[in-house]
Novice: 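Sharing a structure with you now.
Chain naming here is simple, since letters A, B, ... match the order of the sequence lines and numbering starts at 1 in each. None of these values were measured; they are calculated from a predicted model.
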Number of protein chains: 2
Amino acid sequence: MGEGSAAARGSRTASARLLAVLDAFDAEHRALTLSALARRAGLPVSTAHRLVGDLLAWGGLERGDDGLLRVGLHLWEVAALAPRTIGLREAAAPSMGDLYEATHENVQLAVRDGLEVVFVERIAGRHAVPVLTRVGLRFPMSATGVGLVLLAFAPREVQEEALSSPLERFTERTVVDPRRLRSMLADVRRRGIAVSDRQVTMDALSVAAPVRGPDGDVVAALSVVVQADGAGPRTLAPAVRTAAAAISRALAR
Amino acid sequence: MGEGSAAARGSRTASARLLAVLDAFDAEHRALTLSALARRAGLPVSTAHRLVGDLLAWGGLERGDDGLLRVGLHLWEVAALAPRTIGLREAAAPSMGDLYEATHENVQLAVRDGLEVVFVERIAGRHAVPVLTRVGLRFPMSATGVGLVLLAFAPREVQEEALSSPLERFTERTVVDPRRLRSMLADVRRRGIAVSDRQVTMDALSVAAPVRGPDGDVVAALSVVVQADGAGPRTLAPAVRTAAAAISRALAR
DNA sequence: AGCGGACTTTCCGTCAGGCGGAAACCCTGG
DNA sequence: CCAGGGTTTCCGCCTGACGGAAAGTCCGCT
């Protein structure tokens with residue numbers, strides 16, 4: 001016992017409360033009123049009020065002209081110091097640009113966090129297929145191209161854990177059978193490339209390749225997303241693989 | 001009395017302490033040991049230890065294989081929700097790419113926060129002049145090209161405040177005379193373009209133009225940084241201006 | 001105007017829980 | 001083997017966080 005919003009409330013630490021305020025924001029709720037925020041964070045308004053005040057003073061939140069609360073610039077500044085974010089982005093940008101030039105499709109870079117992938121950078125073609133992903137977004141590993149790569153090269157324990165929980169289904173083609181997935185992963189490791197064919201949406205297909213850090217372990221994955229019936233993976237694979245390799249080289253320096 | 005690290009300690013609010021932990025990180029200190037962090041944050045280790053524990057659990061910090069603490073991915077995810085960050089980036093990316101294609105020089109996008117500019121995005125040419133700026137970095141407004149633009153179009157009060165405090169000098173050519181600066185700003189407003197000629201470093205020159213939001217107010221500034229003795233501002237201005245206008249148009253949609 | 005509702009801000013008494021000194025623990029290098 | 005750095009745990013004191021409540025503010029609606 002002890003769970004349930006009411007009970008949980010009182011037994012939260014001060015930091016947890018502050019962080020809950022930040023967690024009240026997500027892609028669908030980028031701007032909140034104080035009370036909406038309090039509701040979402042599971043806090044009494046008066047408490048939220050004080051915490052928000054602290055965050056406003058610090059720059060972690062900002063109040064727009066419309067009076068709504070949004071995530072502030074200062075938070076972003078700090079966050080920009082995260083490894084696997086700016087540094088990775090900077091190293092990857094030129095090669096991603098090249099890849100975009102070559103394909104004019106969505107080019108994405110993602111890293112693994114726990115059992116999920118987080119998209120760190122993306123070049124969205126003006127005319128490319130619209131995709132669900134966005135920078136800063138989190139996705140389960142099993143479906144996307146980048147996810148397959150990152151899972152294939154993840155430590156044993158992570159793989160086991162990912163395979164043991166039920167796999168989320170997005171389309172009729174999403175692979176949800178662990179045995180099937182396991183063999184796909186072996187394939188990815190062997191070929192150094194992953195293809196997610198209509199496993200996320202029925203109109204898109206992605207081709208991904210691993211990006212390696214200085215010491216050879218896979219730190220990120222690069223992918224290109226194309227129309228499912230367009231140029232096949234066959235032709236894209238080499239380009240993605242070389243671009244990923246170029247990023248790995250840039251990281252080594 | 002009352003100031004000085006010791007006295008200040010006790011009189012801090014819980015949130016302030018947590019935020020101080022985050023502030024312990026900066027561009028020169030991206031990875032810290034617990035005690036170094038405590039020192040920088042002005043907190044007793046035991047306190048820092050607990051706060052760090054909370055942040056680790058939340059994902060605001062992460063501990064590397066080397067045992068050092070770094071800013072965590074989850075913080076970045078939240079920060080990515082900040083307006084004038086990802087959204088702006090996404091809107092600006094294509095035009096910035098075009099501008100880079102045209103010039104092959106550093107292309108930068110910045111917004112104003114208080115009396116400073118924060119660089120939000122940058123395309124670093126492989127062969128372009130090395131510059132001091134980096135994404136996530138903060139600079140005083142008076143020297144850089146983007147700063148001049150953002151200051152020129154800032155609200156009256158901001159301008160007054162910026163002009164009333166002494167201007168930081170970077171090179172012998174940095175403008176530090178408020179009267180001189182004031183006339184430069186008028187010029188920027190009139191021409192819709194700002195040139196910072198060797199005001200930050202003696203080898204670089206930047207040309208900047210305003211990016212406007214849907215309601216016409218200046219929300220960001222776009223700039224190109226080139227070798228001080230290279231192609232003059234004369235030739236760059238049109239390109240920068242058009243690219244900035246294209247971004248403004250993208251934002252309007 | 002007058003009213004109801006939703007949000008924000010302030011106030012304050014209570015008491016949970018944060019705070020931090022100190023000591024134990026754990027390295028690594030001399 | 002010890003010295004010096006870091007990390008982690010423990011625990012009693014007491015501060016300052018907590019949140020209910022009420023006042024203040026700003027709508028839109030009739």
Side-chain angles (χ1 to χ4, degrees), chain A residues 1-25 28-72, chain B residues 1-25 28-72:
Chain A
M1 39 41 266
E3 85 304 46
S5 59
R9 263 194 213 179
S11 64
R12 250 197 274 183
T13 116
S15 329
R17 270 181 265 256
L18 188 68
L19 299 176
V21 168
L22 292 179
D23 272 331
F25 294 88
E28 284 79 46
H29 303 85
R30 299 189 185 212
L32 295 172
T33 137
L34 175 63
S35 32
L37 188 157
R39 209 167 346 184
R40 287 179 53 82
L43 294 170
V45 261
S46 58
T47 300
H49 181 256
R50 179 174 37 85
L51 296 175
V52 164
D54 292 346
L55 280 167
L56 284 172
W58 184 69
L61 293 181
E62 46 192 49
R63 193 188 292 278
D65 304 331
D66 50 6
L68 295 181
L69 297 164
R70 288 167 230 270
V71 176
Chain B
M1 34 73 231
E3 86 303 41
S5 58
R9 264 193 213 179
S11 65
R12 250 196 278 183
T13 128
S15 329
R17 270 180 265 256
L18 188 70
L19 300 176
V21 168
L22 293 179
D23 272 331
F25 294 88
E28 284 78 45
H29 303 86
R30 300 189 184 213
L32 293 172
T33 139
L34 175 63
S35 30
L37 188 156
R39 210 167 317 129
R40 286 178 55 81
L43 294 170
V45 261
S46 59
T47 300
H49 182 255
R50 180 175 37 86
L51 296 175
V52 164
D54 292 346
L55 281 167
L56 284 172
W58 185 68
L61 293 182
E62 47 193 46
R63 194 188 292 278
D65 303 333
D66 50 6
L68 295 182
L69 297 164
R70 287 167 231 270
V71 177

Novice: It should be established whether Arg17(B) places a side-chain nitrogen or oxygen under 4.0 Å from OP1 or OP2 of nucleotide dG18(C).
Specialist: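 False: Arg17(B) side-chain N/O out of range (4.0 Å or more) of dG18(C) OP1/OP2.
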
Novice: Which nucleotide in the list dT8(D), dG6(D), dT8(C) gets nearest to the side chain of Arg39(B)?
Specialist: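 For the Arg39(B) side chain, the nearest candidate turns out to be dG6(D).
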
Novice: Give every residue pair that meets the salt bridge (charged side-chain N to carboxylate O under 4.0 Å, His left out) criterion with at least one member in residues 30-46 of chain B, sequence neighbours excluded.
Specialist: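 Output for this query lists Asp26(B)-Arg40(B).
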
Novice: May I have the distance from Leu37(A) (atom CG) to dT9(C) (atom P), rounded to whole angstrom?
Specialist: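 My rounded result for the distance is 13 Å.
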
Novice: With sequence neighbours left out, what residues match Ala16(B) under side-chain contact (heavy atoms from CB on, under 4.5 Å)?
Specialist: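 So Ala16(B) forms a side-chain contact (heavy atoms from CB on, under 4.5 Å) with Arg12(B), Thr13(B).
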
Novice: If you assign each of Ala14(A) and Leu69(A) to its closest nucleotide in DNA chain C, which residue comes earlier from the 5' end?
Specialist: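 With Ala14(A) and Leu69(A) compared, the 5'-side residue is Leu69(A).
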
Novice: Mind checking what makes salt bridge (Lys or Arg N to Asp or Glu O under 4.0 Å) contact with Asp66(A), not counting sequence neighbours?
Specialist: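 Result, salt bridge (Lys or Arg N to Asp or Glu O under 4.0 Å) vs Asp66(A): Arg70(A).
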
Novice: For Thr33(B), what residues pass the side-chain contact (heavy atoms from CB on, under 4.5 Å) criterion, not counting sequence neighbours?
Specialist: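 With neighbours one apart ignored, the set is Ser35(B), Ala36(B), Leu68(B).
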
Novice: From CG of Leu68(B) over to P of dG6(D), roughly how many Å is that when rounded to an integer?
Specialist: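 To the nearest whole Å, that distance equals 11 Å.
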
Novice: Quick one: is dC18(D) close enough that its OP1 or OP2 comes under 4.0 Å of any side-chain N or O from Arg12(A)?
Specialist: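 Answer is no, no contact under 4.0 Å.
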
Novice: Can you list every pair that meets salt bridge (charged side-chain N to carboxylate O under 4.0 Å, His left out) and has a residue in residues 42-60 of chain A, with sequence neighbours left out?
Specialist: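 Output for this query is empty, none listed.
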
Novice: What's the CG-C1' distance between Leu34(A) and dG24(D), to the nearest Å?
Specialist: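 For the pair Leu34(A) CG and dG24(D) C1', the rounded distance is 15 Å.
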
Novice: Please tell me which of Ser35(A) and Ser15(A) maps to the more 5' nucleotide of DNA chain C, matching each residue to the nucleotide holding its nearest heavy atom.
Specialist: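 Checking each residue's closest nucleotide, the 5'-ward one belongs to Ser35(A).
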
Novice: For DNA chain D, find the residues of residues 47-60 of chain A with a heavy-atom distance under 4.0 Å and give them by number; none if there aren't any.
Specialist: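 Only Thr47(A), Arg50(A) qualify.
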
Novice: Taking Leu18(B) as the fixed residue, which of Asp23(B), Val52(B), Leu43(B), Leu51(B) is the one that meets the side-chain contact (heavy atoms from CB on, under 4.5 Å) rule?
Specialist: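 Result for side-chain contact (heavy atoms from CB on, under 4.5 Å) with Leu18(B): Leu51(B).
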
Novice: What's the shortest heavy-atom distance between Leu69(B) and Phe25(B), and which atoms?
Specialist: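 Between these two residues, the closest heavy atoms are O-CE2, 3.3 Å.
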
Novice: How many whole angstroms separate atom CG of Leu18(A) from atom P of dG18(C)?
Specialist: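 Rounded to the whole Å, the gap is 13 Å.
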
Novice: Sorted by first residue and then second, give each ring pair (Phe, Tyr, Trp, His ring centres under 6.0 Å) pair with at least one member in residues 40-71 of chain A; sequence neighbours left out.
Specialist: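 The answer is Trp58(A)-His74(A).
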
Novice: Would you mind reading off the distance between Leu19(B) atom CG and dA17(D) atom P, rounded to a whole angstrom?
Specialist: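 After rounding, the reported distance stands at 12 Å.
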
Novice: Supply the atom-to-atom distance Leu55(B) CG to Leu61(B) CG, rounded to the nearest 0.5 angstrom.
Specialist: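 Result: 4.5 Å between the selected atoms.
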
Novice: Could a donor-acceptor pair under 3.5 angstrom be found where the side chain of Ser46(A) meets the base of dG20(D)?
Specialist: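 Flag set: donor-acceptor pair detected.
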
Novice: What does the inter-axis angle of the helix from dA1(C)-dT30(D) to dG30(C)-dC1(D) come out as, five pairs per end, nearest 10 degrees?
Specialist: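 So the angle between the two local helix axes works out to 40°.
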
Novice: Output a table of nitrogen or oxygen pairs between the protein and nucleotides 24-30 of chain C separated by less than 3.5 Å.
Specialist:
none

Novice: Got a sec, which residues hit side-chain contact (heavy atoms from CB on, under 4.5 Å) with Ala38(B), two or more places apart in sequence or on another chain?
Specialist: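 Per chain and number, Ala38(B) pairs via side-chain contact (heavy atoms from CB on, under 4.5 Å) with Val45(B), Ala48(B).
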
Novice: Taking all non-hydrogen atoms of both residues into account, name the closest pair between Thr47(A) and Arg17(A) and its distance.
Specialist: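 Result for this residue pair: CG2-CD, 4.2 Å.
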
